[in-house]
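Scroll down for the structure; my scribbles are underneath it.
Numbers restart at 1 for each chain; the letters A, B, ... are given by sequence-line order, proteins then strands.
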There are 2 protein chains.
Amino acid sequence: MISDNKNKLSDRKKLILKAIVDAHIANGDPVGSKLLTRNELISCSSATIRNEMAELESMGYLEQPHTSAGRIPSEAGYRFYVDWLLDRYNLTRAEIDELKNSLQKKQSELDSILQSALAVAAKLTNYTAISVRPKIEKITVSRYELMRLDDYSSMLIMLVGGVVKTKYLRSNTVISSEATHALAMILNMYAVGLTASDFTMPLIMEMEQHMGNYDFLVSPVVKAICMTLSEFDGGDLKIEGVNKLLSYPEFYNLERLREMLMLFEKKDDLLEIFSGKPTEPEKVQVYIGKENLVKVMDNSTLIFKAITNDGKTVGAIGVIGPTRMDYKRVIATIDNVANGVSAALESNNSKKDI
Amino acid sequence: MISDNKNKLSDRKKLILKAIVDAHIANGDPVGSKLLTRNELISCSSATIRNEMAELESMGYLEQPHTSAGRIPSEAGYRFYVDWLLDRYNLTRAEIDELKNSLQKKQSELDSILQSALAVAAKLTNYTAISVRPKIEKITVSRYELMRLDDYSSMLIMLVGGVVKTKYLRSNTVISSEATHALAMILNMYAVGLTASDFTMPLIMEMEQHMGNYDFLVSPVVKAICMTLSEFDGGDLKIEGVNKLLSYPEFYNLERLREMLMLFEKKDDLLEIFSGKPTEPEKVQVYIGKENLVKVMDNSTLIFKAITNDGKTVGAIGVIGPTRMDYKRVIATIDNVANGVSAALESNNSKKDI
DNA sequence: CATTAGCACTCTTGTTGTTCAAGTGCTAAA
DNA sequence: TTTAGCACTTGAACAACAAGAGTGCTAATG
């Protein structure tokens with residue numbers, strides 16, 4: 001019986017088990033009897049706790065890695081914890097919003113091709129592959145719609161560069177449908193054809209004036225617009241095959257590996273490297289070690305090539321790896337992949353023309 | 001002057017430098033004078049090589065990690081190697097084919113949503129996120145086109161489940177355009193509405209008979225068709241945020257990390273785990289440690305939830321991490337993400353209905 | 001009878017010292 | 001100019017050892 005299972009443990013044992021699992025989840029270290037005495041819910045001495053822990057161990061809920069370490073939960077311990085001791089957790093608003101927004105996002109044609117190209121580049125070269133779409137200047141919204149979902153939330157729909165972008169909005173107060181309409185009108189009146197930096201304070205104040213009682217809506221919406229614009233033209237960076245790093249003894253070193261992953265996580269530096277260089281677009285670029293100017297890449301080589309469409313550079317694709325890299329294979333591969341992506345884009349163009 | 005640079009080194013120095021770089025690229029170890037004497041192009045003793053190496057080092061092309069190790073190329077050494085000593089490498093046919101095929105691939109609606117959902121799941125939970133589309137039975141091609149590109153290559157275009165799939169084909173002999181046409185006709189005659197397992201040997205032989213002199217074309221094309229079908233319905237598995245593993249001391253162990261990455265690489269096992277379980281689709285599933293049956297995951301926890309569309313399970317999304325996992329947060333997050341994806345799919349349905 | 005204090009015991013971790021193998025630099029001879 | 005030989009340097013691997021942390025057990029206490 002399930003309820004049998006639940007009541008197998010005394011309340012104090014449950015408390016101690018829960019405390020141990022919680023502490024272990026938080027720290028990762030085995031937890032000893034002394035540590036638990038600090039827990040306010042547990043009001044007995046370390047010796048008592050030790051006795052209880054010994055019993056929990058013999059029941060199979062705890063184990064000790066070695067004699068002189070603390071206890072860690074066994075799998076059965078985790079199972080009991082998950083089934084009976086778990087608190088409920090509710091996502092924060094910020095988390096929910098992030099979730100909703102990301103599910104709205106649509107990939108562009110180029111993004112989709114880059115994704116495939118990256119996967120094949122990583123596979124063929126056996127190095128971590130990276131692609132970027134550089135910043136596009138002067139991206140603007142050509143039309144706004146505002147869709148009211150309920151009293152507290154709406155969807156901002158923008159036509160930007162021929163593509164529909166949506167942004168989920170939420171307020172703490174009730175927004176009437178009149179307010180929604182008014183805001184949409186104001187946006188189409190004032191904010192069409194503007195780049196992110198065109199949204200100046202005077203402009204925002206003028207919009208607020210026109211909104212009357214609903215002036216407080218303007219600034220968060222403008223923020224959302226600017227975020228969308230910057231996310232759209234703020235060059236996107238994709239990475240594939242981080243695990244390839246592990247294949248090389250150069251990165252078989254956790255400190256180094258972690259630094260590299262931090263670099264991938266942050267993306268800014270890489271974006272700059274790929275975008276900023278005065279590249280000859282028709283050639284594969286090779287940057288070795290300190291030529292990369294970013295400290296973390298002191299011992300790494302970056303090999304990439306620009307992707308062109310209609311004669312213009314629209315991105316770049318390449319790999320990153322140890323300076324000890326199989327240059328001749330990688331250079332040839334990246335050359336071909338970049339050309340392939342460019343060709344795929346061109347063929348799309350011609351399809352559109354017909 | 002560039003040519004100056006090229007001739008800064010004597011031919012023997014170039015030979016030795018190239019040999020050192022090649023050897024170091026291959027092994028990763030510092031290379032000593034003795035090893036180089038085995039190179040057939042170098043016909044002098046280790047002592048001579050040592051002298052040359054000492055000179056190359058003083059010129060800045062080599063360095064030694066410590067006195068008693070061999071030499072490794074410096075950045076300048078790599079630079080010289082890349083600029084002047086590199087052999088040309090041509091991609092193999094297999095590599096070129098793989099490249100072309102992967103650039104043709106189109107993502108489905110579900111794939112695109114899953115991609116976004118994965119990214120946000122990995123970010124919110126801070127664990128590695130995984131999604132699967134399970135096998136779809138009975139997927140068939142409803143129409144074939146064959147586009148001749150040149151004497152040796154064609155594009156096989158298939159309409160499968162309402163989606164266009166293409167496959168790049170190449171032969172060693174010249175294929176006339178008549179042959180291409182005949183093949184396309186035969187395919188549409190015999191091979192429409194068949195699943196991969198419907199392609200039996202007798203059928204293939206019958207098709208070959210109708211192809212006359214071009215019978216040798218049938219079997220490779222059928223292979224390509226079957227590959228496409230299996231790739232289409234063979235459940236797809238995506239992974240995001242492998243680097244998150246590094247955040248946890250449990251994986252701060254290169255052996256463990258590598259095993260996990262191998263698991264991600266192979267995908268088969270994971271696919272089975274996600275797909276095979278008799279899940280209650282409305283609940284978040286938690287598998288702890290050995291409950292996972294796959295050896296590598298002995299110390300890991302898998303948390304996932306099914307994604308439904310129109311009442312049917314169309315996939316699953318979840319995370320994998322150490323058994324010491326922040327269960328309450330992860331369970332809540334996965335619950336929300338999976339629901340979000342399901343909802344996004346449903347809303348697409350209703351759009352289509354209108 | 002449950003709880004607690006105290007102490008001896010166990011086991012890991014980090015440090016130190018030593019040996020071993022690898023590869024160099026230099027000198028003298030060919 | 002090239003080669004052989006030898007002394008020297010240095011990191012990696014391994015064993016010995018001290019320190020620290022946490023337990024289990026026993027005896028005392030409310």
Side-chain angles (χ1 to χ4, degrees), chain A residues 9-17 19-21 23-24 26-74 77 249-250 252-256, chain B residues 9-17 19-21 23-24 27-74 77 249-250 252-255:
Chain A
L9 298 183
S10 71
D11 282 350
R12 191 169 66 187
K13 280 205 182 59
K14 278 186 202 161
L15 203 61
I16 290 178
L17 179 56
I20 290 176
V21 176
H24 184 61
N27 312 324
D29 301 324
V31 12
S33 54
K34 202 168 183 182
L35 188 73
L36 289 183
T37 56
R38 278 184 233 146
N39 187 317
E40 287 134 15
L41 296 172
I42 301 175
S43 51
C44 48
S45 76
S46 63
T48 313
I49 295 174
R50 276 203 291 282
N51 289 332
E52 292 284 45
M53 287 192 338
E55 276 188 67
L56 280 168
E57 183 176 356
S58 75
M59 294 169 85
Y61 293 115
L62 295 178
E63 24 188 70
Q64 18 181 202
H66 55 267
T67 319
S68 75
R71 301 295 211 295
I72 59 173
S74 69
E250 281 85 346
Y252 218 82
N253 160 321
L254 287 163
E255 212 33 63
R256 184 90 192 281
Chain B
L9 299 183
S10 72
D11 283 351
R12 190 168 67 188
K13 281 204 181 61
K14 280 185 201 160
L15 203 61
I16 290 177
L17 179 56
I20 291 175
V21 176
H24 183 62
N27 312 325
D29 302 324
V31 12
S33 53
K34 203 168 183 180
L35 187 74
L36 290 182
T37 56
R38 279 183 233 147
N39 187 318
E40 287 134 15
L41 296 172
I42 300 175
S43 52
C44 49
S45 78
S46 64
T48 312
I49 294 173
R50 275 203 293 281
N51 288 332
E52 292 283 44
M53 286 189 345
E55 277 188 65
L56 280 168
E57 184 177 355
S58 74
M59 295 169 83
Y61 293 114
L62 296 178
E63 27 187 69
Q64 16 180 205
H66 54 266
T67 320
S68 74
R71 301 295 210 297
I72 59 173
S74 69
E250 281 86 346
Y252 218 82
N253 159 321
L254 287 163
E255 212 33 65

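Atom CD of A:Q64 and atom C1' of C:dC9 are 13 Å apart (whole Å). Computed from coordinates, the B:L62 CG to C:dG23 C1' distance equals 14 Å when rounded to whole Å. Look at NZ on A:K34: it is 16 Å from C1' on D:dG24, rounded to the nearest Å. When rounded to the nearest whole Å, the span between CD of B:E55 and C1' of C:dT24 equals 16 Å. Regarding A:H24, its NE2 atom lies at a distance of 16 Å from the C1' atom of D:dG22, rounded to whole Å. Atom CG in A:N51 sits roughly 11 Å away from atom P in C:dA2 (whole-Å rounding). Put simply, CD1 on A:I72 is 15 Å from C1' on C:dC11, counting in whole angstrom units. The separation between A:M53 atom CE and D:dA21 atom C1' is 13 Å, rounded to whole Å.
A heavy-atom distance below 4.5 Å is not found between the side chains of B:L56 and B:R71.
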Q: Please report the C-alpha distance between B:N39 and B:I16 in whole Å, then the side-chain angles of each, then the deciding distance to 0.1 Å, and finally whether the side-chain contact (heavy atoms from CB on, under 4.5 Å) criterion is met.
A: CA-CA 9 Å; B:N39 187 318; B:I16 290 177; over 6 Å; no

Q.
If you apply the rule side-chain contact (heavy atoms from CB on, under 4.5 Å), what do you find for A:Y61 with A:L9, and how did you get there?
A. CA-CA 10 Å; A:Y61 293 115; A:L9 298 183; 3.8 Å; yes

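Distances were taken from every side-chain heavy atom of B:A47 (C-beta onward) to each of D:dT3, D:dG24, D:dT10; the shortest belongs to D:dT3. Listed candidates were D:dT2, C:dT4, D:dG24. Nearest to the side chain of A:E57 is D:dG24. Comparing D:dG20, D:dT3, D:dT23 by their nearest atom to the side chain of A:S68 picks out D:dG20.
In this structure, B:S45 reaches the D:dT3 phosphate: one of its side-chain N or O atoms is under 4.0 Å from OP1 or OP2. Note on A:T48: every side-chain N or O is 4.0 Å or more away from OP1 and OP2 of C:dA2. Phosphate proximity of D:dA21 to A:R50: absent, as no side-chain N or O sits under 4.0 Å from OP1 or OP2.
When every heavy atom of B:S33 is checked against every heavy atom of B:R50, the shortest pair comes out as OG-NH1, 3.2 Å.
Residue contacts shown for B:S46 are absent, as no nucleic acid heavy atom lies under 4.0 Å away.
Mapping B:H66 and A:G70 onto DNA chain D via the closest heavy atom, the residue that lands nearer the 5' end is B:H66.
For A:S74 (side chain) and A:G60 (main-chain N/O), a donor-acceptor pair under 3.5 Å exists by modelled atom type.
In terms of polar N and O atoms assigned as donor or acceptor, the side chain of A:T67 never comes within less than 3.5 Å of the base of C:dT10 in a complementary pairing.
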